[in-house]
Amino acid sequence: MYKNQVVLVTGTSRGLGRQICEHFLKHGAHVTGISRSKVAIPHERYEHFAGDVADEKFVQESLRIIRDKHESVHVLVNNAGILSSQLAVLTSQLSVEAVIRT
């Protein structure tokens with residue numbers, strides 16, 4: 001289904017992001033994962049970048065490496081997120097900006 005397609009997934013450290021990676025790998029894709037922590041998905045078609053997707057320099061460098069290796073990305077799954085479990089009226093401007101940046 002996704003044989004030889006390049007898939008980029010953010011937020012792959014656990015949960016849904018990890019499951020998404022495993023799904024695409026099962027269906028033949030080359031998967032690149034990004035999360036703030038190191039992730040070990042033992043598969044020959046998986047590579048990982050540890051960093052923050054809100055860091056523009058990190059994202060640009062990661063995309064350059066991916067493009068040099070694969071030429072293009074066919075599927076992007078932006079699964080990265082941060083939790084801000086407060087009532088909207090009590091949420092600080094900094095928290096709102098961090099959620100939007102991510």
Side-chain angles (χ1 to χ4, degrees):
M1 179 186 257
Y2 295 100
K3 188 171 179 138
N4 297 321
Q5 290 194 356
V6 177
V7 177
L8 174 59
V9 183
T10 65
T12 59
S13 63
R14 61 185 180 279
L16 185 58
R18 187 178 180 100
Q19 295 291 322
I20 291 167
C21 289
E22 291 171 355
H23 168 81
F24 281 109
L25 288 167
K26 179 179 174 183
H27 293 298
H30 296 273
V31 179
T32 300
I34 295 177
S35 67
R36 288 181 288 188
S37 57
K38 293 181 180 179
V39 172
I41 297 178
H43 199 287
E44 62 197 22
R45 291 189 321 273
Y46 181 78
E47 63 184 327
H48 186 80
F49 293 94
D52 191 339
V53 295
D55 178 347
E56 187 175 349
K57 285 185 178 186
F58 165 75
V59 171
Q60 288 175 347
E61 180 63 17
S62 299
L63 290 174
R64 186 193 62 73
I65 293 168
I66 295 165
R67 186 177 56 241
D68 288 349
K69 184 173 183 178
H70 298 289
E71 294 187 22
S72 65
V73 172
H74 300 98
V75 178
L76 168 64
V77 180
N78 187 12
N79 177 66
I82 59 173
L83 179 62
S84 179
S85 57
Q86 301 173 346
L87 295 172
V89 73
L90 300 176
T91 303
S92 72
Q93 182 67 29
L94 287 176
S95 292
V96 170
E97 290 172 4
V99 169
I100 292 171
R101 270 194 318 276
T102 300

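Heads up: numbering here begins at 1 and tracks the sequence. Since the structure is predicted, the reported quantities are computational estimates derived from the model, not experimental observations. Hydrogens, waters and symmetry mates are skipped; everything else that's a heavy atom, side chains included, is used.
Put simply, Leu25 and Val7 are part of the same group of oily side chains (I, L, V, M, F, W, Y) that touch within less than 4.5 Å, one to the next. If you chain together hydrophobic residues whose side chains sit under 4.5 Å apart, Val53 and Val6 fall into the same group. Under a hydrophobic-cluster definition in which Ile, Leu, Val, Met, Phe, Trp and Tyr are linked whenever side-chain heavy atoms come within less than 4.5 Å, directly or via other members, Phe49 and Val77 are assigned to different clusters. Residues Val59 and Ile66 share a single hydrophobic cluster, defined by chaining ILVMFWY side chains whose heavy atoms lie under 4.5 Å apart.
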Next item on the list: For the pair Lys26 and His23, evaluate side-chain contact (heavy atoms from CB on, under 4.5 Å) and give the outcome as yes or no after the intermediate values.
Entry: CA-CA 5 Å; Lys26 179 179 174 183; His23 168 81; 5.8 Å; no
Check: Can you check side-chain contact (heavy atoms from CB on, under 4.5 Å) on Lys69 and His30, steps first, answer last?
Finding: CA-CA 11 Å; Lys69 184 173 183 178; His30 296 273; over 6 Å; no
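Asn4 CG to His70 NE2: the interatomic distance, rounded to the nearest 0.5 Å, is 10.5 Å. The distance from the CD atom of Gln19 to the CG atom of Asn79 is 11.0 Å, given to the nearest 0.5 Å. Put simply, CG on Leu63 and OG on Ser72 are 12.0 Å apart, with the number rounded to the nearest 0.5 Å.
Across every non-hydrogen atom of His48 and Ser37, the tightest pair is NE2-O, 3.1 Å. In plain terms, the two heavy atoms of His74 and Gln5 that are nearest each other are ND1-CA, 3.5 Å. The two residues Val39 and Ser13 have their closest heavy-atom pair at CG2-CA, 3.4 Å. Closest of all the heavy-atom pairs between Gly33 and Tyr46 is CA-OH, 3.5 Å.
Note on Arg18 versus Glu22: salt bridge recorded, some NZ/NE/NH1/NH2 to OD/OE distance being below 4.0 Å.
The only option from Leu76, Val31, Val75 that meets the side chain to side chain contact (heavy atoms under 4.5 Å, CB included) definition with Leu8 turns out to be Leu76. Here the options are Ile34, Ile20, Thr32, the test is side chain to side chain contact (heavy atoms under 4.5 Å, CB included), and the partner is Val9; only Ile20 passes.
More than 12 heavy-atom neighbours from other residues, nucleotides or ligands sit within 6.0 angstrom of CD on Gln60.
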